[in-house]
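One structure is given here, and the rest of the page talks about it.
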Amino acid sequence: MLSIQSTEIQQTKVKDLMIHAEKVANVQSQNPLEHALLVLVKTGYSAVPVLDSDFHFEGVISKTMIIESILGIERIEVEKLSNLRVKSVMEKEFPTLNKEDGFMQGLKVVVDHPFVCVVDEDGYFDGILTRRAILKRLNQYLHENFYQNEQSQG
Ligand code: 4BW
(Lines give C-alpha, C1' and ligand atoms only; values in the text may rest on other atoms or scores of the structure.)
Protein backbone atom coordinates (compact mmCIF):
# COMPACT_ATOMS: atom_id res chain seq x y z
CA MET A 1 0.00 0.00 0.00
CA LEU A 2 1.18 3.55 -0.78
CA SER A 3 2.15 5.41 2.41
CA ILE A 4 3.19 9.04 2.62
CA GLN A 5 4.30 8.63 6.26
CA SER A 6 7.84 9.68 7.25
CA THR A 7 9.02 10.18 3.69
CA GLU A 8 11.19 12.85 2.18
CA ILE A 9 8.08 14.43 0.66
CA GLN A 10 6.91 15.29 4.18
CA GLN A 11 10.22 17.01 4.78
CA THR A 12 9.73 19.15 1.67
CA LYS A 13 8.81 22.68 2.71
CA VAL A 14 6.97 25.49 0.97
CA LYS A 15 10.29 27.35 0.68
CA ASP A 16 11.71 24.48 -1.44
CA LEU A 17 8.93 24.80 -4.04
CA MET A 18 7.82 28.45 -4.06
CA ILE A 19 8.41 31.06 -6.77
CA HIS A 20 10.26 33.92 -5.07
CA ALA A 21 8.69 37.37 -4.90
CA GLU A 22 11.07 38.98 -7.41
CA LYS A 23 9.82 36.58 -10.11
CA VAL A 24 6.11 37.00 -9.37
CA ALA A 25 4.01 39.48 -11.35
CA ASN A 26 2.02 41.66 -8.92
CA VAL A 27 0.01 44.85 -8.70
CA GLN A 28 -0.45 47.41 -5.92
CA SER A 29 -3.80 47.94 -4.21
CA GLN A 30 -3.77 51.66 -5.09
CA ASN A 31 -3.25 51.03 -8.82
CA PRO A 32 -6.15 51.82 -11.14
CA LEU A 33 -7.91 48.73 -12.54
CA GLU A 34 -6.61 49.66 -15.97
CA HIS A 35 -3.04 48.99 -14.83
CA ALA A 36 -4.01 45.63 -13.27
CA LEU A 37 -5.75 44.54 -16.47
CA LEU A 38 -2.66 45.48 -18.50
CA VAL A 39 -0.42 43.42 -16.18
CA LEU A 40 -2.76 40.42 -16.38
CA VAL A 41 -3.05 40.56 -20.17
CA LYS A 42 0.68 41.18 -20.77
CA THR A 43 1.84 38.40 -18.42
CA GLY A 44 -0.86 35.97 -19.52
CA TYR A 45 -1.82 35.05 -15.91
CA SER A 46 -5.47 34.74 -14.87
CA ALA A 47 -4.80 36.22 -11.42
CA VAL A 48 -1.91 37.86 -9.56
CA PRO A 49 -1.20 38.92 -5.95
CA VAL A 50 -2.03 42.44 -4.74
CA LEU A 51 0.50 44.14 -2.46
CA ASP A 52 0.64 47.46 -0.61
CA SER A 53 3.46 49.96 -1.17
CA ASP A 54 5.51 48.28 1.63
CA PHE A 55 5.24 44.83 -0.01
CA HIS A 56 2.60 43.48 2.41
CA PHE A 57 0.20 40.95 0.90
CA GLU A 58 -3.35 42.35 0.60
CA GLY A 59 -5.30 40.04 -1.73
CA VAL A 60 -5.63 38.67 -5.24
CA ILE A 61 -7.05 40.19 -8.42
CA SER A 62 -8.15 38.29 -11.51
CA LYS A 63 -9.28 39.13 -15.04
CA THR A 64 -12.76 37.83 -14.15
CA MET A 65 -13.06 40.15 -11.12
CA ILE A 66 -12.08 43.13 -13.28
CA ILE A 67 -14.52 42.30 -16.08
CA GLU A 68 -17.36 41.74 -13.58
CA SER A 69 -16.67 45.10 -11.90
CA ILE A 70 -17.11 47.02 -15.17
CA LEU A 71 -20.18 45.15 -16.44
CA GLY A 72 -23.09 47.56 -16.77
CA ILE A 73 -26.68 46.57 -17.49
CA GLU A 74 -26.39 47.14 -21.23
CA ARG A 75 -22.70 47.57 -21.89
CA ILE A 76 -19.17 47.18 -20.55
CA GLU A 77 -18.37 50.48 -18.79
CA VAL A 78 -14.75 50.76 -19.88
CA GLU A 79 -14.35 54.23 -18.36
CA LYS A 80 -14.56 52.60 -14.90
CA LEU A 81 -11.13 51.03 -15.53
CA SER A 82 -9.41 54.33 -14.81
CA ASN A 83 -11.72 55.40 -11.94
CA LEU A 84 -11.77 52.21 -9.85
CA ARG A 85 -8.77 51.09 -7.76
CA VAL A 86 -7.57 47.50 -7.40
CA LYS A 87 -8.36 47.66 -3.65
CA SER A 88 -12.11 48.01 -4.27
CA VAL A 89 -12.31 44.96 -6.55
CA MET A 90 -9.71 42.44 -5.26
CA GLU A 91 -10.52 39.31 -3.23
CA LYS A 92 -9.27 39.84 0.33
CA GLU A 93 -10.25 36.50 1.85
CA PHE A 94 -7.45 34.39 0.48
CA PRO A 95 -5.49 31.69 2.36
CA THR A 96 -1.75 32.21 2.85
CA LEU A 97 1.18 29.97 3.73
CA ASN A 98 4.47 30.52 5.54
CA LYS A 99 7.68 29.37 3.83
CA GLU A 100 8.37 26.98 6.74
CA ASP A 101 5.02 25.19 6.21
CA GLY A 102 5.20 21.62 4.93
CA PHE A 103 4.29 19.99 1.63
CA MET A 104 1.01 18.54 2.95
CA GLN A 105 -0.23 22.01 4.00
CA GLY A 106 0.61 23.26 0.51
CA LEU A 107 -1.15 20.32 -1.14
CA LYS A 108 -4.31 20.97 0.89
CA VAL A 109 -4.64 24.62 -0.15
CA VAL A 110 -3.89 24.20 -3.86
CA VAL A 111 -6.82 21.78 -4.16
CA ASP A 112 -9.07 24.87 -4.13
CA HIS A 113 -6.66 27.55 -5.43
CA PRO A 114 -4.35 27.60 -8.49
CA PHE A 115 -1.76 29.43 -6.34
CA VAL A 116 -1.35 30.55 -2.75
CA CYS A 117 0.66 33.51 -1.49
CA VAL A 118 3.54 32.92 0.90
CA VAL A 119 3.92 35.59 3.59
CA ASP A 120 6.15 36.02 6.65
CA GLU A 121 5.07 36.67 10.27
CA ASP A 122 4.68 40.40 9.55
CA GLY A 123 2.57 39.90 6.43
CA TYR A 124 5.40 40.67 3.99
CA PHE A 125 5.04 38.94 0.63
CA ASP A 126 7.68 36.22 0.07
CA GLY A 127 6.31 34.64 -3.12
CA ILE A 128 3.74 32.11 -4.32
CA LEU A 129 3.25 28.37 -4.21
CA THR A 130 1.59 27.16 -7.42
CA ARG A 131 -0.51 24.08 -8.07
CA ARG A 132 2.05 23.18 -10.76
CA ALA A 133 4.95 23.09 -8.26
CA ILE A 134 2.98 20.86 -5.87
CA LEU A 135 1.87 18.47 -8.64
CA LYS A 136 5.41 18.31 -10.05
CA ARG A 137 6.82 17.32 -6.64
CA LEU A 138 4.03 14.78 -6.07
CA ASN A 139 4.61 13.28 -9.53
CA GLN A 140 8.35 12.97 -8.78
CA TYR A 141 7.59 11.30 -5.46
CA LEU A 142 5.13 8.81 -7.00
CA HIS A 143 7.59 7.84 -9.73
CA GLU A 144 10.49 7.40 -7.32
CA ASN A 145 8.59 5.50 -4.64
CA PHE A 146 5.59 3.84 -6.21
CA TYR A 147 5.87 3.23 -9.94
CA GLN A 148 9.47 1.96 -9.64
CA ASN A 149 8.39 -0.56 -6.96
CA GLU A 150 5.47 -1.66 -9.15
CA GLN A 151 7.81 -2.20 -12.13
CA SER A 152 10.32 -4.20 -10.09
CA GLN A 153 7.50 -6.41 -8.71
CA GLY A 154 5.95 -6.95 -12.14
O1 4BW B 1 3.72 32.38 -18.42
C2 4BW B 1 3.56 31.19 -18.15
N3 4BW B 1 4.65 30.35 -18.11
C4 4BW B 1 4.51 29.01 -17.77
N5 4BW B 1 5.62 28.24 -17.73
N6 4BW B 1 3.31 28.46 -17.48
C7 4BW B 1 2.20 29.23 -17.54
C8 4BW B 1 2.27 30.60 -17.84
N9 4BW B 1 1.03 31.11 -17.75
C10 4BW B 1 0.19 30.06 -17.43
N11 4BW B 1 0.91 28.93 -17.32
C12 4BW B 1 0.36 27.58 -17.02
C13 4BW B 1 0.86 27.10 -15.68
O14 4BW B 1 0.87 25.68 -15.65
O15 4BW B 1 -1.10 27.68 -16.92
C16 4BW B 1 -1.48 27.38 -15.56
C17 4BW B 1 -2.59 28.28 -15.15
O18 4BW B 1 -2.16 29.64 -15.18
P19 4BW B 1 -3.04 30.77 -14.53
O20 4BW B 1 -2.79 30.64 -12.95
O21 4BW B 1 -4.50 30.47 -14.73
O22 4BW B 1 -2.54 32.08 -15.03
C23 4BW B 1 -0.21 27.62 -14.73
O24 4BW B 1 -0.34 26.85 -13.54
P25 4BW B 1 0.59 27.17 -12.30
O26 4BW B 1 2.03 27.28 -12.71
O27 4BW B 1 0.25 26.13 -11.24
O28 4BW B 1 0.13 28.62 -11.80
C29 4BW B 1 -1.08 28.79 -11.10
C30 4BW B 1 -1.44 30.24 -11.04
O31 4BW B 1 -0.45 30.95 -10.31
C32 4BW B 1 -1.51 30.92 -12.40
C33 4BW B 1 -1.30 32.38 -12.01
O34 4BW B 1 -2.52 32.97 -11.53
C35 4BW B 1 -0.33 32.27 -10.83
N36 4BW B 1 1.08 32.45 -11.25
C37 4BW B 1 1.94 31.49 -11.62
N38 4BW B 1 3.17 32.00 -11.85
C39 4BW B 1 3.09 33.32 -11.60
C40 4BW B 1 1.75 33.61 -11.22
N41 4BW B 1 1.33 34.85 -10.92
C42 4BW B 1 2.26 35.83 -11.01
N43 4BW B 1 3.55 35.66 -11.37
C44 4BW B 1 4.01 34.41 -11.67
N45 4BW B 1 5.31 34.24 -12.01
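Counting from 1, the numbers follow the sequence of the chain as shown. In listed order, ligands and their atoms are each counted from 1.
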Q: Could you check Ile66 against Leu40 for side chain to side chain contact (heavy atoms under 4.5 Å, CB included), going step by step and ending with a plain yes or no?
A: CA-CA 10 Å; Ile66 296 177; Leu40 287 162; 3.7 Å; yes

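- Between the side chains of Glu58 and Ser29, a donor-acceptor pair is found at a separation under 3.5 Å.
- In this structure Glu79 satisfies the salt bridge (charged side-chain N to carboxylate O under 4.0 Å, His left out) test together with Arg75, sequence neighbours excluded.
- Using a 3.5 Å distance cut-off with no hydrogens or angles, the side chains of Glu121 and Asn98 do pair a donor with an acceptor.
- His56 and Phe125 have their aromatic ring centers separated by at least 6.0 angstrom.
- Hydrophobic clustering keeps Val116 apart from Leu51 (ILVMFWY residues linked when any side-chain heavy atoms are closer than 4.5 Å, directly or through intermediates).
- Contact residues for ligand 1 (protein heavy atom closer than 4.0 angstrom to any ligand atom): Ile19, Lys23, Val24, Ala25, Tyr45, Ser46, Ala47, Val48, Pro114, Phe115, Ile128, Thr130, Arg131, Arg132.
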